[in-house]
Amino acid sequence: MFKQAIAKLMLSDADAGPRETLVVSLLFSLMAVGVTALVVYGAYFGGITALIFRSLFLSFVAGAGLFYAGLRTQALPVKLALYTLALVSLVPGPYLWHSYMDIIMRGAMSTVLDEYIFIGLLIAVVVLVRAYVGWALVILIAASLAYAWFGDIIPGKYGHSGYGLDRLTSTLLLSTEGFYGVPMGVAAEYIFLFALFGALLTKIGTGEVFVDIARGITGRVRGGPGLSAALSSTLIGSLNGSAVANVVTTGTFTIPLMRRVGYSPKLAGAIEAAASSAGQIMPPVMGAAAFLMAEMIGVPYAQIALAALIPALLYVFALMLAVYLEAGRLGLERDTSGGLKFLAQTLMQRGYLLLPLITLIVLMMQGRSPTQAAVVAIIFGLLISPWHKLTRVGPIDLIEVCKDTLKATLPIVAAVAAAGTVIGVLNLTGMGLMVSSLIVEVGGQSLWAVLLLTALASFILGMGLPTSAAYLLLAVLVAPALTRLGMPPISAHMFIFYFGLVSAITPPVALAAYAAASIAGAPANATAIESMRLGFVKLLVPFLFVYMPGLLLIGDAIDVLMAITLAFPAALGITVGFAGWLVRPLPAVERAVLILASLLVAWPAPAASFEVGIIVIRVAGALAMAAILLRIFLRPVADPCNVPKVGKAKAESP
């Protein structure tokens, strides 16, 4: 029994001997429990000063992460260096807690000891970022620190007087402007807590309930396994908020299921990648960047989640329709094991596992803070877990949940620590405002030009950085330029949020698509291109809610209703055009006209605009779309032999 309990806590991907693995695994689990206790206490009771709370959180997480990195390293000198840095990273939190009043009394002016601690923590953060994120953020940290140090030798308006070690220590270590800025606060207060909530629900089996609910809803429909994969991955992704993690967890059983009924490896992987990337935009629990957005804009998270609802539903609608059309084009069979009877059975037997999520939504709708709602929902999940022996969570299982949460959030905490460093330097030097002004100068007063520049910058940063880090930098550098041109803050931040996310399914760094391709045994780039075709709404909808803010529930009821009325038919038409099939194969001309007509329906202008020109364009698009759809349904199939038959899947060979 004891050995089984210890085995659950062991870090399985260690590259060390059994004794070393045991010691580090127990240390990691102990720190995971400590972080969890700190976060849960702070979330529900509050009262911990921001600098103390965030510094303790970073010390625990960085120490655990560096111990874990050392365990996975073979070279003895590197291993010892990582273990040493892990111990160093444990110092700043307790030190700032002990010296907090002294720091306040001296106005956060740094001492020599402070500078030594700052250097040690900076090295630890850089190594942590390199181990869990990659070189891109390391280079950004180095560039920002070099700019702060050598700014006095830079000519023109982009130069400054230069800042030494004492000023950098005061800003980045002794205040909430650097390591312990807003990004770290969001990671400690929201991201870790909701990751804990998702890990607990996964442990008690809520993820499996989502899969079975999706099968029950879509099982009797043609291409049901593809639809259930898309729907279940979207639902589960809304819990963990990570596209790649979702692909790895759900894709292992959805992709083989899709392949068995006739989907090609490339298409099965693309469906899973496109569906998994929906989790970061789907309320109630979106990706980490959504919590950061709420803090950056200064609005409740519930408002962000509500604003994101219609665009997320638009994305899921287009994706589900695309999957259904692909099933029709391939002539795939139905999943006879699913259906409403299976759905009813699932809800009767295991529907109670949805109660924690329902509790979270209800409490947030009642005005409770997201952190308090999450704590109550976690407690509720623990209370219902003993109802069935398969869902019971014992003490060791709970420690395992804490450990899994810490492992999952390590890359995010490393990213926000790095981003906080860069943002601290940008604020210290005033560079953030200058970049925003530069974008406006290059784009002029043309909103379209600024949007295209912003989309390009968001896409490029999204390729090299985690979503949270990319969003943070763009929120500081680019969002002010959009708001200066009259965009509502939520529209501006949601725009960069979407384009920072799209790199998950877009080459050359389509991590979610590449993960799905490896499971499906398909070419990586071909899978990414296919997932882009299925998830095109992520590229279209940001421009729509810039000109139709009603999609974000901004404006009166007419604005919202008109935006929905225009956006959903446009998404339908483009989806059918990209699929090239609707009751019969579509020739290129019909597809092109349908896509063009759909774009005219969603012409970039206020949804409730009564300008004659805008009305003419949209009416012309609607008439052209109606004419094409009527032609598709009424025109007889010219060559029945070319139409796939149900049950005869025309799948590519693996």
Side-chain angles (χ1 to χ4, degrees), residues 5 8-9 29-48 53 56-57 60-61 185-210 213 235-242 279 283-288 290-291 294 300-302 305 347 349-409 412:
K8 285 186 176 183
L9 302 180
S29 299
L30 181 63
M31 291 182 189
V33 172
V35 172
T36 302
L38 174 69
V39 169
V40 171
Y41 179 87
Y44 196 79
F45 296 104
I48 305 178
F53 179 64
L56 288 172
F57 175 80
F60 274 123
V61 176
V186 173
E189 295 168 24
Y190 296 97
I191 296 172
F192 187 92
L193 187 64
F194 278 85
L196 178 69
F197 176 61
L200 177 63
L201 291 193
T202 301
K203 191 71 174 177
I204 66 177
T206 304
E208 297 174 7
V209 175
F210 278 149
I213 288 175
L235 293 172
I236 295 174
S238 69
L239 294 181
N240 60 35
S242 170
V285 184
M286 302 163 64
F291 294 101
Y301 171 75
L347 292 177
Q349 294 179 352
R350 293 176 292 153
Y352 69 92
L353 293 175
L354 300 176
L355 290 176
L357 186 60
I358 295 171
T359 301
L360 175 72
I361 296 171
V362 170
L363 290 176
M364 290 176 63
M365 290 177 64
Q366 289 179 345
R368 297 286 290 272
S369 70
T371 53
Q372 287 188 334
V375 172
V376 173
I378 288 170
I379 294 172
F380 200 77
L382 292 173
L383 291 176
I384 67 170
S385 70
W387 292 5
H388 193 283
K389 64 179 182 180
L390 295 178
T391 64
R392 286 174 192 155
V393 177
I396 296 298
D397 295 317
L398 196 54
I399 296 174
E400 191 178 11
V401 167
C402 298
K403 184 193 74 172
D404 292 342
T405 303
L406 181 55
K407 284 179 66 176
T409 53
I412 297 174

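Index from 1, following the sequence.
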Quick one: does T206's side chain get under 4.5 Å of I204's, heavy atoms only?
yes
List the residues meeting ring pair (Phe, Tyr, Trp, His ring centres under 6.0 Å) with Y301, not counting sequence neighbours, and say none if there are none.
F291
Considering all heavy atoms, the nearest Y44-Q372 contact:
O-NE2, 3.4 Å
Using every non-hydrogen atom in the two residues, find where M364 and A373 come nearest and quote the distance to one decimal.
CG-CB, 3.8 Å
I213 versus L347: any side-chain heavy-atom pair under 4.5 Å?
yes
Scan the side chains in residues 349-357 for donor-acceptor partners under 3.5 Å anywhere in the protein, sequence neighbours excluded, and list what turns up.
from : atom 1 : to   : atom 2 : distance (Å)
R350 : NH1    : D212 : OD2    : 3.3
R350 : NH2    : D212 : OD2    : 2.2

By side-chain hydrogen bond (donor to acceptor under 3.5 Å, both in side chains), S369 pairs with (sequence neighbours left out) T371
Decide yes or no for T409 and V35: does some side-chain heavy atom of the first lie under 4.5 Å from some side-chain heavy atom of the second?
no
Extract all donor-acceptor atom pairs below 3.5 Å that involve side chains of residues 188-197 and protein atoms in other chains or at least two apart in sequence.
none

For residues 395-402, which side-chain donor-acceptor pairs fall under 3.5 Å, sequence neighbours excluded?
from : atom 1 : to   : atom 2 : distance (Å)
D397 : OD1    : K8   : NZ     : 2.8
D397 : OD2    : G394 : N      : 3.1
E400 : OE1    : K203 : NZ     : 2.8

